[in-house]
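Written out below as structure tokens is the structure these notes cover.
Here is how names work: the chains are called A, B, and so on, in the same order as the sequence lines, proteins then strands, and each is numbered from 1.
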Amino acid sequence: GAGVSQSPSNKVTEKGKDVELRCDPISGHTALYWYRQRLGQGLEFLIYFQGNSAPDKSGLPSDRFSAERTGESVSTLTIQRTQQEDSAVYLCASSPTSDGQYFGPGTRLTVL
Amino acid sequence: QQQVKQSPQSLIVQKGGISIINCAYENTAFDYFPWYQQFPGKGPALLIAIRPDVSEKKEGRFTISFNKSAKQFSLHIMDSQPGDSATYFCAASKNGNTGKLIFGQGTTLQVKP
């Protein structure tokens, strides 16, 4: 079956611009997560959606970052007024209630 | 605060050898410990996971050993193959397999033919 998909695969933007990253989770997965991976580093948790519960936003690094999820489907991560330190690979994962997290291929964001 | 420490940062093993990667955690509330494998340009893929009620879990050539009292767990790759060359991440979460994951810094494994 189809895995987690993310778009775009690559995004180059100028400092100060806003960007939107999209995640399509595996159908039927109730949980959705966003992580950030800086070059050569481990993954940092950003935000977590579980069904209709309030999202866990504890990992968002600043108020420039926000995310939304429509029901149990698509999610978008928005970064406003991008900075060079936002350059990273942004990874989305989804999970059913009884198994681990399955990651998409990521969106590589480069802020010039 | 780094809650999951992973070592070594890089590892070179001969084909057929055993690769061992170690992780240590601080938070005793963690109750789920997965390992992920990541190839360049790809997202991490779940390899194997363990819960603290068992001390060892084996799936094929991959084994997790878990030491609850020491707050440590390790990944053993038996009969390592060149195709195992990748970056490996340990992780931990507080709410089972659906909780947010705290990742280690990663280990780059190279298996030489």
Is it true that a side-chain atom of Tyr35(A) and a backbone atom of Leu101(B) form a donor plus acceptor pair closer than 3.5 Å?
-> yes
Any chain of hydrophobic side-chain contacts (each under 4.5 Å) joining [X] to [Y]?
| X | Y | value |
| --- | --- | --- |
| Phe62(B) | Leu11(B) | yes |
| Leu77(A) | Leu109(A) | yes |
| Leu32(A) | Tyr48(A) | no |
| Val111(A) | Trp34(A) | yes |
| Ile20(B) | Tyr88(B) | no |

With a 4.5 angstrom heavy-atom cut-off, could you sort out which part of Pro44(B) is near chain A: side chain, backbone, both or neither?
-> both
Heavy-atom distances under 4.5 Å only: say whether Gln38(B) touches chain A with side chain, backbone, both or neither.
->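 The side chain, not the backbone.
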Side chain, backbone, both or neither: which part of [X] has a heavy atom under 4.5 Å from chain B?
| X | result |
| --- | --- |
| Leu43(A) | both |
| Ser9(A) | neither |
| Gln37(A) | side chain |

Straight-line distance of Gln101(A) CD to Tyr36(B) OH, nearest 0.5 Å | 5.0 Å
Approximate separation, where rounding is to 0.5 Å, of Lys100(B) NZ and Phe45(A) CZ =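 Result: 5.0 Å between the selected atoms.
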Would you find more than 12 non-hydrogen atoms of other residues, nucleotides or ligands less than 6.0 Å from Glu68(A) atom CD?
->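 For Glu68(A), atom CD is not crowded (no more than 12 foreign heavy atoms under 6.0 Å).
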